[in-house]
Each structure stands twice: as structure tokens, then as C-alpha cells.
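Atoms within each ligand, like the ligands themselves, are counted from 1 in listed order. Just so it is clear, the model here is predicted, and its values are computed rather than measured.
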Amino acid sequence: MTITTAPALADRDEYADAIATAVRASAAYYGSGESPLDDASFDLLVSLIQAYEANYPEHTDPASPTGKVAGGAVPAGDVAHTTAMLSLANAFAPQDLLDWEASLVRRLGGPVTGGYAVEPKLDGASLAARYRAGRLVQLVTRGNGTGGEDVSHAIGTIAGLPLELTTRDSFEVRGEVLLTAEQFERANALRAAHGAGPFSNPRNGAAGTLRAKGRAYTVEMTFWAFGAVELDGGAALPGGTHSELMAYVSATGIRTAADTAAGLTVADTLAGAQEQVDRISKLRSALPFGIDGVVVKLDSLTEQAAAGNGSRHPHWATAYKLPAVERRTRLLEVTWSVGRTGVLAPTAVLEPVEVDGSVIRHATLHNPADIERRGLRLGDTVTVHKAGDVIPRVEAPVVELRTGEERAIELPSVCPGCQGAIDRSQERWRCAQPADCGRIAAILYAAGRDQLDIDGLGERYVRALVEEEGVRDVADLFTLDRAALARAAGSEKRGAKLAERIAGAKDRPLSRHIDRTTESLAGVSPAR
Ligand code: IVH
């Protein structure tokens, strides 16, 4: 289900329905990892609930997802956290950051002096990793913030969390586990090979993998730290600034947010922090992992302590949220075209969906093997990803939402450009005769009803003219002799008819056909 805009909740019944939908979605998200709502739809629903509760506080349902870590969907795990694992308050615009700064000045009783640390908000699952005497001994999920699930079985499968540190210190590092784009592709290929459904996106893949026990295959994940706390009353960690703390963690061998391509920078002023937010958000589409925002933190740990924590969020940090780049929609059809180099390219035709301000109707699928690896079917609900100017791509089907009505995607048996043979020897299928294919497609297009309208000049004859009679482009049609046309058409009579129709087409204006022919050569499927 995808919600893009919705009117305010009109009454208490609509409010109750919204709560039920949000609680169900949240439980599914933190349970199987597959919510029927994508993130943007869930956020919109929660904002409608919040707006209703602001107007009618007396109606507020205790089950409401507002005001709870993870929407209250996660039960307390069996491992108590050393200190609460909070979530972050959100900023959506520069003014929200300014308002946050004003609140800091109030809390600190004066301006921020230690600067702001700015780092990516990694889009994965929160994890605490406990090191004792330099050895990784326990992994705990965030759970409900005060207690999480022991997922130590994942030790050894997470890049960035070494089994042994370069020091023999004890501390707990906190960070995000996710699948990089490469790990996601590998994971889904591995799952397909084991007959398991694909992960619908990298974040769900990481969350599901963290909890999964006893799989016959191992999905490698990646960890990046964004914080650390003392363990067992120790004093291993530097106490000056967040950036020093992260440098220490990094020096022990653990990967941190500072080690990502987005990096960690410290800005003296909030204006400088905003510049860093803008820099990281511009980088987003080029990063090999997902981010859903940029986190701004007070760099001084003393100022962090002075600003303090609320029940859900720290006051000393905020997440500048970036627009959702992933939505869910339906895969309606797959069309095929042939590019200039003869490569056959599948395109997904989608139920239109808005992603980051633009309506997406088509998305790339790379090749037949890719379609197979992703286990896509027509009618599937799919996750679609579009970041920046990058062409939208279909990430994966949401197998949990299948109805049984989905159909297999038919792969082409002949080249969609020239109807000739396909070379399937590589993962990227190609037209077996790419040089002629472009020509045949272009001539067929130019001869079409809306252009030269040469009735009867079909694919078979054009192919024969190109392959046997040396026709290179549409202009050559007008210089062919009758014998050549008779050979291509298979009889004197048909050749004569064709000659007559070609002669008739000579009188039709050509200018616009030439332009279209060029377009067709550039990889657009011919119109026949
Ligand atoms: S700091 C006490 N920094 O976002 C605050 N969190 O919505 C601790 N996250 O639960 C969080 N990247 O799982 C922090 N650079 C980053 C982060 C980050 C991702 C996650 C984290 C947190 C959630 C809050």
C-alpha cells in the first residue's frame, strides 16, 4: 500500500483506523521486516495521527505509535541496555535546525562553543556490540530502547566489527548494520540459489539477517559505529568530543560513520553544519549504501551531557531527514528494446508512484539474469529506488505481499528490434546482428504508417534487403532496382508492388522522418 497525500483524520473512528494500520505496519516492519507500508507512507500516517492528537489530546490512544521508540512495536528483549538506546528527533528544513540550536542555547544557558559533528544517518538496523578485553563478546539489537535481543549468533558475519580489537579495552560500540548495494545484490543471488525469496531492500535484509538463526547460507553485512559507551564501569573511552571518540573507535579496528565516503566533519557554527548536511545529501546517490538523513550532534561530550536526553530523543543531536528515495508500487509489464550496441534492455512499466518529487512510471531492469536473480513477477509489489538524477531502478519484489495472481515475466525469443536471433552467450543478451539490427529497426520505423507509409514493407523484406541487397538506410530504398526488390520479396509480382509503393512514398515529405529515424537508431524500440 502506498499513501502519498491524505486529508487530515476527520474523526475518532478515522483516528482509530489510522492507529490500527500504523501499529500493524510497525509490528510487521520489526517482525518479518516487511511492512505493507513503505517508509514515506508510514511517516505520513504518523504525522496525521500526531496532528489529530495535537487537536484532541484527550482522545490519545495508549496504543498510538507516536511517542514510542520504534512505534512501540518492539517488545523489550532479554538483554538490558547499559544506557538507553534512544532514537533521534527529526529536522526537515534549515529552520528546524535553527530552532534546534535555539533550544540548545536555552538548555546550555549560552551558545554552543564546541561545534557540531555532522555524519550520515545510515539506513539500517541499530546494533550494540560489546567488546571485553578487546574481544567481541555480544551483539544486542536496539529492541524497545531499554532492552534488546541477543543476536550474538551474527558475530563473524559483519564487516566492520572485528572479532578482536587492536587494544584490549572493554566498551560497547553502537552503530548501524546494513547491507551495502553490493552485499544486497549478493544476498539476493544467494537467497535465490537457496530457494528463498529476495529481500525487498537492503535495510530489511540487514534487520532480517540479524535475527535469522540457522540459515544454510551466510549473508555478509556491514557495520558503521556512530557512538560508544563504557562497559562494566570501565573508563576506556576518551571523554572530550564525539569526533575524538569516533577516532578512538576507528583506531581499535571498528568501522565508524567517519570511515564512510560521507565522512564525519566538525563545523564551528550551525551554518557550517548546514553546509555539511547539504554536502552529504548531494553525495547520497553516489554512496554505495543507503542513508535516510544526516545527523548533527554537539561535538563536545560535556555540552552533550549539559543538553541532556529526553525520554525518546537526546537533546544534543538531531536527524536532518532526506526525502524517501524508495517507494513501493506494482510491476505492470516489462518491455524490451535494443540499444545502439545491440544489448537488449528490459524496462519495468510501473503503476505511477511519486518518489522524491517526481512521478516514476518506468524503471531499469538490467538484463534477463537480473530479472531472474531478483525473482520478479508481473503484478508484484516492488520496491523502486530513485536518488538524485540517477535512473530509477526496481530493487526487488515484496514477496510477503504476493496474492498468487502474479505471472512469470516472458523473456524475448527474438530480438525486439529486428525480430532476428538473440545472442544469449553472456549475461547481457544481444541482438545476434547488432549492425544490421539498428538498420532494420530504423528502416522499419521510417517505412511505418505514420512516416513514409510503405504498406507491405515488413520485417522479413527489410531484413532481406539489408542482409542480401546491401541496403544501409531508408534512402537506399529509393535507389533499388526491381530485380533486387523481387529477390527480397520472393516474387516478381510482390517486388513490383513494393516498387510501386516505394515510388509513391517518394512524394511524401521526408524531413521529420529523418529525425525520427535517428531517434530510433539511438535505441528506441521501432513502432511496429
Ligand atoms: S546517533 C542517542 N548517529 O538512527 C542517539 N544514529 O532514528 C543515538 N542512526 O537509533 C543515535 N545513523 O539506529 C546516530 N550517525 C548516526 C546514525 C544513527 C543512523 C540510526 C540509529 C538511531 C536512529 C534514530
Residue, atom name and distance, where the atom is the protein heavy atom closest to atom 10 (O) of ligand 1: Arg142 NH1, 2.8 Å

Residues Glu351, Arg330: salt bridge by 4.0 Å N-O rule: yes

Distance from atom 24 (C) of ligand 1 to nearest protein heavy atom, with residue and atom: Leu88 N, 3.4 Å

Atom 17 (C) of ligand 1: nearest protein contact (heavy atom, Å): Phe226 CD2, 3.4 Å

Arg374/Glu185 salt bridge by N-O under 4.0 Å criterion: yes

For Pro314, the ligand 1 atoms whose distance to one of its heavy atoms is below 4.0 Å: 2 (C), 5 (C)

Residue Arg132 excluded, over 12 heavy atoms near CZ under 6.0 Å: yes

Ser87, any N or O under 3.5 Å of ligand 1 N or O: no

Electrostatic pair Glu326-Lys386, nearest N-O below 4.0 angstrom: no

For ligand 1, the portion of Val295 having any non-hydrogen atom under 4.0 Å away: side chain

Short N-O contact, Arg186 and Glu182, less than 4.0 angstrom: yes

Contact partition for Met85 relative to ligand 1, non-hydrogen atoms under 4.0 Å: neither

Salt bridge present between Arg174 and Glu172 (N-O < 4.0 angstrom): yes

Carboxylate-amine/guanidinium proximity below 4.0 Å for Asp380 and Arg402: yes

Atom indices of ligand 1 within 4.0 angstrom of Pro120 heavy atoms, with elements: 12 (N), 15 (N), 16 (C)

Protein residue, atom and distance nearest to atom 3 (N) of ligand 1, heavy-atom basis: Lys297 NZ, 3.0 Å

Those atoms of ligand 1 less than 4.0 Å from some heavy atom in Glu176: 9 (N), 13 (O), 19 (C), 20 (C), 21 (C)

Aromatic plane relationship, Tyr52 with Tyr56 - under 30° parallel, 30 to 60° tilted, over 60° perpendicular: tilted

Whether Arg174 lies under 4.0 Å from ligand 1, heavy atom: no

Minimum-distance protein heavy atom relative to atom 12 (N) of ligand 1: Leu122 N, 3.0 Å

Ring-face cation of Arg191 near Tyr217 (centre distance under 6.0 Å, axis angle within 45°): no

Atoms in ligand 1 flagged as close to Ser126, the criterion being non-hydrogen separation under 4.0 Å: 10 (O), 13 (O), 21 (C)

Atoms of ligand 1, numbered as shown, that sit under 4.0 Å from any heavy atom of Glu119: 3 (N), 15 (N), 16 (C)

Nearest protein heavy atom with distance in Å, relative to atom 23 (C) of ligand 1: Lys121 NZ, 4.0 Å

Note: Glu427-Arg373 ion pair, threshold 4.0 Å (strictly below): yes

